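Here is the structure we will look at.
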Protein chains: 2
Amino acid sequence: MSNAATETANGVQSVDRALRILEILARSGESGVTEIAASLEVHKSTAFRLVATLEQHGLVEQVEGRGKYRLGVGLLRLAGATSARLDVVQEARPLCKQLAAATGETVNLATLSGHSALYLDQVAGPSALQPHNWVGQHIPLHATSNGKVLMAWLEEAELKDLLGRLPSYTGLTITSKAALRKQLEVVREQGYAVAVDELEVGLTAIATPVRNAHGDVICSMSVSGPTFRLPPDRVDEVLPLLIEAADELSHRLGWGMR
Amino acid sequence: MSNAATETANGVQSVDRALRILEILARSGESGVTEIAASLEVHKSTAFRLVATLEQHGLVEQVEGRGKYRLGVGLLRLAGATSARLDVVQEARPLCKQLAAATGETVNLATLSGHSALYLDQVAGPSALQPHNWVGQHIPLHATSNGKVLMAWLEEAELKDLLGRLPSYTGLTITSKAALRKQLEVVREQGYAVAVDELEVGLTAIATPVRNAHGDVICSMSVSGPTFRLPPDRVDEVLPLLIEAADELSHRLGWGMR
DNA sequence: GTCTACGGTTGCGCAATGAGCAACGCGGCC
DNA sequence: GGCCGCGTTGCTCATTGCGCAACCGTAGAC
């Protein structure tokens with residue numbers, strides 16, 4: 001009967017709508033009820049009730065009494081519980097902390113998710129405030145050291161699927177497929193990837209693979225910081241520390257035990 | 001105040017149930033459909049359909065084909081969008097204000113920065129005796145309640161790096177590393193730190209830790225005032241208020257639930 | 001200062017939709 | 001092999017969630 005427009009295979013309608021509201025808010029940052037209702041193609045009141053229910057659970061909150069809605073802190077609690085059960089993150093946390101302390105820079109853990117890199121965890125260096133929290137964000141693969149590492153050990157078929165458009169973010173972003181493939185070759189050979197000013201001018205990052213018991217690359221660990229603090233010779237200093245930490249993590253996940 | 005307890009208030013029933021499933025999974029780590037249905041006091045099939053809808057949006061995932069369900073990485077993505085705009089100071093402000101009003105003393109928020117404590121925010125109490133504004137100032141760690149809290153939960157390596165010279169400011173300043181370590185032990189045990197006349201004669205302060213979703217101590221909240229207004233018995237009165245405020249802040253930042 | 005418009009909020013009644021039931025397939029365990 | 005427990009699915013009914021329309025703030029224009 002209901003040959004709905006988009007993918008509405010099955011599922012509970014109102015729940016589906018509620019979850020779409022969360023996604024809308026994630027994308028827009030802030031939205032009003034009317035705006036949400038328009039996006040969902042439902043009546044204002046329907047959208048309002050859904051939002052109200054989400055609000056009761058702390059997943060959304062309204063900004064300043066009367067006004068728009070945005071995602072709430074309840075999500076942080078849920079996400080905390082999520083990453084707590086991801087054994088990789090759990091296992092990695094002390095290592096990341098130690099690495100962050102040793103290098104003074106920010107350490108990230110990223111994995112492949114869809115067509116981009118999903119940042120699983122972040123430990124900031126001793127600098128006062130967290131630079132920019134990337135946890136949960138999807139970051140383009142071709143412009144980051146993490147992304148290069150995650151792609152480098154993929155099967156040809158999977159890789160091909162990921163290499164779509166390669167948008168440019170700075171003058172140094174790799175935008176040609178051939179050049180990227182060549183890069184990945186280098187990454188595979190040397191066992192790590194570097195990205196200098198490729199995603200953002202002034203941002204340098206180094207990444208290495210983390211393997212599970214089967215030897216699959218399941219995520220990548222990176223150290224990143226402002227380019228002026230991470231010139232080539234400093235990168236050479238940090239690299240062994242990063243590799244040591246990532247190898248230790250792989251080891252704890254069963255890699256190399258046989 | 002504390003959510004989750006009050007149910008069946010109003011809102012969209014199916015959405016409410018779906019969100020409760022998320023909370024159940026956050027608490028249990030993994031649950032089967034039958035188990036969830038029992039918790040919700042609904043039929044198995046109902047629980048299944050709700051879970052299936054959550055799964056379509058990546059908020060839950062089933063472990064290994066046939067089996068139990070757990071929270072999914074989609075939550076990390078949503079949480080990423082949340083924490084992108086999340087600012088500790090901003091989140092803390094109303095709580096600090098309330099605490100300042102309740103205690104009549106000055107409330108501060110401090111974090112670790114290099115080798116000292118950086119004061120992020122300050123809300124003065126209504127008293128006539130206004131202390132000078134510490135926001136943006138770097139204050140020695142070993143002579144303040146905030147500093148002790150910030151050090152108490154550090155890794156040994158990081159702590160070692162911080163314990164250099166311990167200059168004396170008053171007759172009561174802790175200047176021996178052994179004594180300081182002992183003090184930190186106490187702080188860890190009792191969950192708060194006190195400093196009386198250690199930085200300045202006539203200045204008393206109490207501080208408690210604020211944690212993020214991972215449980216890391218990211219900053220400390222303190223109440224401070226002239227020692228004559230904060231004798232030991234008054235400290236005992238203020239303490240629960242401070243702890244409540246700091247815990248609430250931690251809660252808003254995602255701590256708890258595990 | 002008044003008027004208008006816009007956005008969030010709420011009571012009401014109908015029917016769409018989500019919940020319960022029961023049956024099924026599939027493992028694991030006696 | 002048979003039993004039991006699990007997740008999963010078709011069917012049916014009435015619960016419940018939806019659309020409507022009216023309400024009530026605030027904000028901006030004239």
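This one's a predicted model, so the numbers in the text were calculated from it and none came from an experiment. Proteins come first, then strands; the chains are lettered A, B, ... in the order of their sequence lines, and each starts at number 1.
- Nearest to the side-chain atoms of A:Val12 among the listed nucleotides D:dT8, C:dG20, C:dG18 stands C:dG18.
- For the pair B:Gln13 and A:His43, nearest-nucleotide mapping onto DNA chain C gives the more 5' position to A:His43.
- One can find a donor-acceptor pair under 3.5 Å joining the base of D:dG19 and the side-chain atoms of A:Arg49.
- Atoms CD (A:Glu55) and P (C:dG8) sit 13 Å apart, rounded to a whole Å.
- Within the 3.5 Å criterion, the main-chain N or O of B:His251 finds a donor-acceptor partner in the side chain of A:Arg77.
- For A:Leu54 and D:dG17, the CG to C1' distance is 15 Å, given to the nearest whole Å.
- Within 6.0 Å of CD on A:Glu55 lie more than 12 heavy atoms contributed by other residues, nucleotides or ligands.
- Counting non-hydrogen atoms under 4.0 angstrom, B:Ser45 reaches a base of the nucleic acid.
- Considering B:Leu19, B:Leu22, B:Leu76 as possible partners of A:Leu78, the one that fulfils the side chain to side chain contact (heavy atoms under 4.5 Å, CB included) test is B:Leu22.
- Put simply, NZ on B:Lys44 is 13 Å from P on C:dG20, counting in whole angstrom units.
- Here C:dT17 presents its C1' atom at 13 Å from CZ of B:Arg17, a figure rounded to the nearest Å.
- Crowding of B:Glu248 atom CD: a count of heavy atoms from other residues, nucleotides or ligands under 6.0 Å exceeding 12.
- The separation between A:Leu50 atom CG and C:dG18 atom P is 11 Å, rounded to whole Å.
- Put simply, CG on B:Asp16 is 16 Å from C1' on D:dT15, counting in whole angstrom units.
- Without hydrogens or angle criteria, B:Ser39 side chain to B:Glu35 main chain gives a donor-acceptor distance under 3.5 Å.
- Interface remark: the A:Lys68 side chain does not form any donor-acceptor pair with the C:dG7 base, using a distance-only criterion of under 3.5 Å.
- Residue B:Thr34 places at least one side-chain N or O under 4.0 Å from the OP1 or OP2 atom of D:dG7.
- Across the protein-nucleic acid pair, B:Glu61 atom CD and D:dG7 atom C1' stand 17 Å apart, rounded to whole Å.
- In terms of phosphate contacts, A:Tyr69 brings a side-chain nitrogen or oxygen within less than 4.0 Å of OP1 or OP2 of C:dT9.
- One interatomic measurement links the two molecules: CZ of A:Phe48 to C1' of C:dG11, which rounds to 13 Å at whole-angstrom precision.
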